[in-house]
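Below, all heavy atoms of this structure are taken into account, side chains as well, without hydrogens, waters or symmetry copies. So you know, we letter chains A, B, ... as the sequences are listed, proteins then strands, and number each from 1.
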Amino acid sequence: MEMEKLVSLCKRRGFLFQSSEIYGGLNGFWDYGPLGVELKRNVKEAWWRDMVSGHDDLSVLPGAPDSYEMTGLDCTIIMHPQVWKCSGHYDLFADMMQSCRQCKKLFRADHVWGLMRETEWANAIAETLASNFDAEQIEVDAEKLAKWAKDRKGGRRLAPGLALVRHPENTLASLQQSLAEMKADSFPVLLQHLATEDKKTSGLLTPCPECGGDLTEPREFNLMFETIVGALKDESNKAFLRPETAQGIFVNFKNVLDSTRVKIPFGIAQVGKSFRNEITPRNFTFRSREFEQMEIEFFCHPDSSQSWYKYWRDRRMQWYQDLGLAGERLILREHDPDELSHYSTGTADIEYAFPFLPAGEYGELEGIAHRGDFDLRSHMEGKLDEKSDPLVVQLDEHGKPKYRGSGKDLTYRDELTNERYIPHVIEPSAGADRATLAFLCEAYREDSAPDDKGNLQTRTVMSLHPRLAPVKAAVFPLVKKDGMPEVAKDIYRALKPKFSVSYDEKGAVGRRYRRQDEAGTPFCITVDGDSLIDRTVTIRDRDTLEQTRVRIDDIESEIENRIQS
RNA sequence: GCGGGUGUAGUUCAAUGGUAGAACAUCAGCUUCCCAAGCUGAAUACGAGGGUUCGAUUCCCUUCACCCGCUCCA
């Protein structure tokens with residue numbers, strides 16, 4: 001399926017428009033049209049019904065370790081700025097940053113060379129060459145450098161990411177070629193050469209102060225959209241639009257406990273807008289800057305968190321499959337251990353092979369993460385250092401917490417055992433827009449159907465699951481005369497309070513069927529000559545084109561049954 | 001963020017330094033007893049800003065958006 005066809009259908013039929021289109025559009029922002037809003041609402045409502053309001057908390061569901069409760073929440077988009085400091089979002093995304101392509105560490109661009117002076121491996125090189133940071137001209141001894149690079153106690157240990165260590169021959173060859181052209185170099189420039197395997201293709205790279213790997217160009221990381229609370233524009237009342245809904249759940253954990261009598265294990269669900277100032281929004285709505293999330297934070301006892309993690313991973317996968325993403329384009333990908341934060345004992349992504357991705361690549365629809373007690377404890381004690389093991393509060397240069405937590409007690413007391421503990425958290429975090437896009441991609445189909453002369457014509461169909469379809473049924477009089485419109489209108493009025501239905505009497509009936517096919521309407525009800533005599537109508541199935549006759553009085557239950565099946 | 005490409009009607013495409021066309025879709029009417037039929041009629045477009053020019057949709061610059069590749073993706 002070509003993506004352009006889907007994009008143009010979405011525009012043509014009113015699923016998706018570019019935001020602010022009459023002004024030329026705005027990168028990374030998309031609007032849902034009349035059909036799109038129904039589709040997306042249905043996705044969110046299916047999620048809420050299946051996960052929250054329709055949840056059976058009395059039974060032990062298949063695959064679950066125990067019965068559990070589910071409850072909901074709807075919190076604000078703008079929260080206390082401290083929330084984002086403790087969550088870790090604030091630190092990661094401000095100022096000009098460079099990240100290391102080898103060890104992935106992020107640095108403020110203006111700190112890199114300052115850090116380098118303190119760096120063990122950089123000083124070791126200075127020592128090897130009997131030079132220093134302020135040297136204007138360096139005596140380069142390739143032999144000594146090569147020896148240091150291969151030394152287990154030298155380069156191998158101190159700067160595993162450095163090009164000189166990873167590919168000594170190439171790097172030294174590249175260096176010597178440059179020296180022949182330039183003669184003299186300062187020490188920092190020499191370090192850059194040592195981080196560059198092939199200057200011709202990559203340009204001169206800056207080494208990572210940590211591991212010696214090559215850094216990306218300095219980039220501004222403004223992940224979070226900023227705003228001002230209050231009338232005066234002032235640094236002190238700066239606030240952020242949330243980049244995820246999850247933190248609102250964590251900071252309300254105690255409120256929910258105190259107000260609802262829920263007992264662990266239980267989950268809190270939330271659907272809502274989030275905002276990320278993406279560096280490269282692309283691929284239709286896949287990476288939008290304003291998007292909607294459907295998140296659950298599931299709180300459980302540390303001892304049982306592993307089995308709850310597995311339960312949620314499989315449950316969420318099944319949900320997408322039940323709603324039509326049943327084929328090989330949907331995969332569950334368990335993260336490798338080295339991809340995980342060390343405090344996480346498991347993370348899985350549910351991914352879909354979107355048509356705009358290269359063959360064999362998948363895009364994330366949902367991540368299910370085991371987050372341990374990281375979030376609750378951060379909001380309690382102060383931001384935890386993700387690299388510490390066991391997790392401890394991250395301190396500033398004065399030995400105080402870098403970001404103070406709330407100081408509130410977010411532990412849970414088991415009333416039966418009297419045990420007090422910080423719950424562990426399983427986080428199934430789904431993208432509503434990404435799910436909607438995946439359903440649209442999966443639904444798009446072209447097949448052949450005969451026209452009135454029996455010639456095969458291309459037919460474009462959106463084979464959406466009936467639960468998701470924006471319009472459940474369309475009601476037509478076969479022709480616009482002989483009392484058929486009146487009967488059809490009565491049927492339409494009778495169905496309207498129950499389902500989303502549409503009425504159409506214009507033009508040939510075949511055209512009306514095709515129009516509904518493009519909108520994804522699963523059923524078309526047609527009033528014909530016989531209807532006036534025996535009060536029956538035909539129901540036409542979008543996917544099979546089959547028509548069956550049912551009594552007018554049975555239409556509602558017939559549609560109800562077909563949507564459920 | 002870098003490089004390349006593309007912006008004309010709702011959609012898909014033409015043409016042009018001097019009145020911008022088509023197909024499909026849309027709307028109105030006629031016709032029509034089951035899958036985009038037919039006939040008649042109607043409405044609708046040069047992404048935005050600036051420059052060159054008597055005159056710019058066309059040439060130039062800037063900008064915005066989209067597509068492809070690289071980069072990135074908490």
### Task
Could you please name the option among rA36(B), rU11(B), rA65(B) that lies closest to any side-chain atom of K11(A)?
rU11(B)
### Task
Ignoring the backbone of R13(A), work out which of rA28(B), rA36(B), rU12(B) is nearest its side chain.
rA36(B)
### Task
Determine the contact category for K480(A): base if any of its heavy atoms lies under 4.0 Å from a base atom, sugar-phosphate if only primed atoms, P, OP1 or OP2 are that close, otherwise nothing.
base
### Query
How is T526(A) classified with respect to the nucleic acid when contacts are heavy atoms under 4.0 Å: base, sugar-phosphate, or nothing?
base
### Task
Not counting sequence neighbours, list each pair that qualifies as a ring pair (Phe, Tyr, Trp, His ring centres under 6.0 Å) and has a residue in residues 4-37 of chain A.
W30(A)-F284(A)
### Query
What nucleotide among rC35(B), rC68(B), rU32(B) has an atom nearest to a side-chain atom of Y513(A)?
rC35(B)
### Message
Considering every strand and a 4.0 Å limit on heavy-atom distances, what is the contact class for R282(A): base, sugar-phosphate, or nothing?
### Response
base
### Task
Would you indicate what Q516(A) reaches in the nucleic acid, counting non-hydrogen atoms under 4.0 angstrom: base, sugar-phosphate, or nothing?
nothing
### Message
I'd like to check the side chain to side chain contact (heavy atoms under 4.5 Å, CB included) partners of P428(A); sequence neighbours left out, ordered by chain and number.
### Response
I296(A), W312(A), R316(A), E366(A), I368(A)
### Query
Does rC66(B) have OP1 or OP2 sitting under 4.0 Å from an N or O in the side chain of N27(A)?
yes
### Message
Regarding F286(A), tell me which of base, sugar-phosphate or nothing describes its non-hydrogen contacts under 4.0 Å with the strands shown.
### Response
nothing
### Query
S378(A) side chain to D375(A) main-chain N or O, any donor-acceptor pair under 3.5 Å?
no
### Summary
Base-paired stretches in RNA chain B with three or more consecutive Watson-Crick or G-U pairs, both distances under 3.5 Å, amount to B:1-7 with B:64-70, B:10-13 with B:21-24, B:26-30 with B:38-42, B:47-51 with B:59-63
### Query
Any side-chain heavy-atom pair from Q547(A) and C524(A) closer than 4.5 angstrom?
no
### Task
Could you tell me the separation between the CZ atom of F523(A) and the P atom of rC35(B), rounded to a whole number of Å?
21 Å
## Note on the structure
Assign each of I22(A) and L545(A) the nucleotide of RNA chain B bearing its closest heavy atom; nearer the 5' end lies the nucleotide of L545(A)
### Message
Quick check for you: among rG10(B), rC27(B), rC33(B), whose closest atom lies nearest to any side-chain atom of R515(A)?
### Response
rC27(B)
### Query
Should R12(A) be listed as having a side-chain N or O under 4.0 Å from OP1 or OP2 of rU11(B)?
no
### Query
Hey, does R540(A) reach any base, or is it just sugar-phosphate, or nothing, if we go heavy atoms under 4.0 Å?
base
### Query
Quick one: on RNA chain B, does D482(A) or S8(A) contact a more 5' nucleotide (nearest heavy atom)?
S8(A)
#### Entry: Given rG1(B), rA74(B), rU32(B), the nucleotide with the shortest approach to the side chain of T280(A)
rG1(B)
### Task
Can you label the angle between the F354(A) ring and the F356(A) ring as parallel, tilted or perpendicular, going by 30° and 60°?
parallel
### Query
Given rA25(B), is OP1 or OP2 found less than 4.0 Å from the side-chain N or O atoms of R511(A)?
yes
### Query
Can you check whether Q516(A) reaches S502(A) side chain to side chain, under 4.5 Å on heavy atoms?
yes
### Message
Is there a side-chain contact between Q82(A) and V251(A) in this structure, where contact means two heavy atoms from C-beta onward sitting under 4.5 Å apart?
### Response
no
#### Entry: Donor-acceptor pair present, E386(A) side chain and rA74(B) base, under 3.5 Å
no
## Note on the structure
Separation of rA25(B) atom C1' from K5(A) atom NZ, nearest Å, is 16 Å
### Task
Measure the distance from CD on Q18(A) to P on rU11(B) and round it to the nearest whole Å.
11 Å
